[in-house]
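Shown next, in structure tokens, is the structure this report addresses.
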Amino acid sequence: MSDKIAVTRHQTLVAHMRQIGLIDKNSPVIGHALVDDIRGKHVYGILPLHLAAEAETVTEIPVVVPKWLRGKDLSLSELRHYVRDPITYCVERLHDDGRADR
């Protein structure tokens, strides 16, 4: 079982992540994550903070598209034009008094 999982509904982004070596062909790809899907794993995609805090790390692959292309499926060549370098985060849940959850 892989400790990497991609969370996206965009197959072109999956292809890009595979091409640049973030995930491999055995890495699971899901459209919507639940806690049990991502707990303790390295996640590639976008998660709400309450889920990101359950993952080991979350790597965002920023895609900066012009307004007129938002919401449209991009080809792999279009995606390469608008994609930025991946950014990895480690999110930690804190209590109201600032103490770490972990």
Side-chain angles (χ1 to χ4, degrees):
M1 186 170 187
S2 177
D3 70 337
K4 294 180 177 182
I5 185 169
V7 178
T8 183
R9 296 175 312 215
H10 302 284
Q11 292 307 306
T12 306
L13 186 57
V14 172
H16 175 73
M17 288 189 282
R18 286 184 175 138
Q19 283 186 351
I20 66 172
L22 289 179
I23 61 171
D24 62 33
K25 64 180 181 174
N26 297 316
S27 300
V29 177
I30 59 175
H32 296 281
L34 301 173
V35 171
D36 289 341
D37 297 325
I38 54 93
R39 184 177 281 128
K41 297 190 177 175
H42 299 282
V43 178
Y44 297 86
I46 303 295
L47 291 176
L49 290 174
H50 74 279
L51 287 178
E54 299 291 338
E56 185 68 25
T57 61
V58 176
T59 299
E60 171 193 15
I61 301 85
V63 180
V64 182
V65 295
K67 194 177 208 177
W68 56 274
L69 277 177
R70 291 182 191 156
K72 299 186 190 269
D73 287 327
L74 301 176
S75 68
L76 194 52
S77 62
E78 288 172 319
L79 179 71
R80 286 189 191 121
H81 182 73
Y82 297 112
V83 74
R84 303 295 183 257
D85 291 335
I87 304 167
T88 300
Y89 300 89
C90 186
V91 179
E92 185 175 38
R93 179 179 290 116
L94 300 178
H95 294 276
D96 289 340
D97 62 3
R99 294 179 295 121
D101 213 17
R102 299 182 198 192

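None of these values were measured; they are calculated from a predicted model.
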Taking all non-hydrogen atoms of both residues, which atom of [X] and which atom of [Y] are closest, and how far apart?
X     : Y     : value
Glu56 : Cys90 : O-SG, 3.7 Å
Pro62 : Pro86 : CD-CA, 4.2 Å
Arg18 : Ser27 : NH2-O, 4.0 Å
Val43 : Ala55 : CG2-CB, 3.8 Å
His81 : Arg84 : O-NH1, 3.8 Å

- For Leu34, what residues pass the side-chain contact (heavy atoms from CB on, under 4.5 Å) criterion, not counting sequence neighbours?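 Applying side-chain contact (heavy atoms from CB on, under 4.5 Å) to Leu34 gives Asp37.
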
- Query: Looking at residues at least two apart in the chain, or sitting in another chain, which of them share a side-chain contact (heavy atoms from CB on, under 4.5 Å) with Ser77?
  - Reply: Ser75

- salt bridge (charged side-chain N to carboxylate O under 4.0 Å, His left out) contacts in which one or both residues fall within residues 60-76, not counting sequence neighbours: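 Not a single pair qualifies under salt bridge (charged side-chain N to carboxylate O under 4.0 Å, His left out).
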
Is it true that [X] and [Y] fall in one hydrophobic cluster, defined by side-chain heavy atoms closer than 4.5 Å?
X     : Y     : value
Leu47 : Ile5  : yes
Val63 : Leu22 : yes
Leu69 : Leu79 : yes
Val65 : Val83 : yes
Leu51 : Val91 : no

- Query: Got a sec, which residues hit side chain to side chain donor-acceptor pair (under 3.5 Å) with Tyr82, two or more places apart in sequence or on another chain?
  - Reply: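 Testing Tyr82 for side chain to side chain donor-acceptor pair (under 3.5 Å), a comparison that skips the adjacent residues, returns none.
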
- Query: Taking only residues two or more places apart in sequence, or in another chain, which ones meet Arg80 in a side chain to side chain donor-acceptor pair (under 3.5 Å)?
  - Reply: Gln19

- Item | Residues in salt bridge (Lys or Arg N to Asp or Glu O under 4.0 Å) contact with Asp24, at least two apart in sequence or another chain |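 Per chain and number, Asp24 pairs via salt bridge (Lys or Arg N to Asp or Glu O under 4.0 Å) with no residue.
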
Looking at [atom1] of [X] and [atom2] of [Y], how far apart are the two atoms once the value is rounded to the nearest 0.5 Å?
X     : Y     : atom1 : atom2 : answer
Asp85 : Ile87 : CG    : CD1   : 8.0 Å
Lys4  : Ile23 : NZ    : CD1   : 8.5 Å
Arg39 : Glu54 : CZ    : CD    : 4.5 Å

Indicate every side-chain donor-acceptor pair of residues 6-15 with a distance under 3.5 Å to a residue at least two apart or in another chain.
unit_1: Thr8; atom_1: OG1; unit_2: His10; atom_2: N; d: 3.0
unit_1: Thr12; atom_1: OG1; unit_2: Leu74; atom_2: O; d: 3.0

- Take Ile61 and His16 through the side chain to side chain contact (heavy atoms under 4.5 Å, CB included) test and state the conclusion after the steps. CA-CA 10 Å; Ile61 301 85; His16 175 73; 4.2 Å; yes

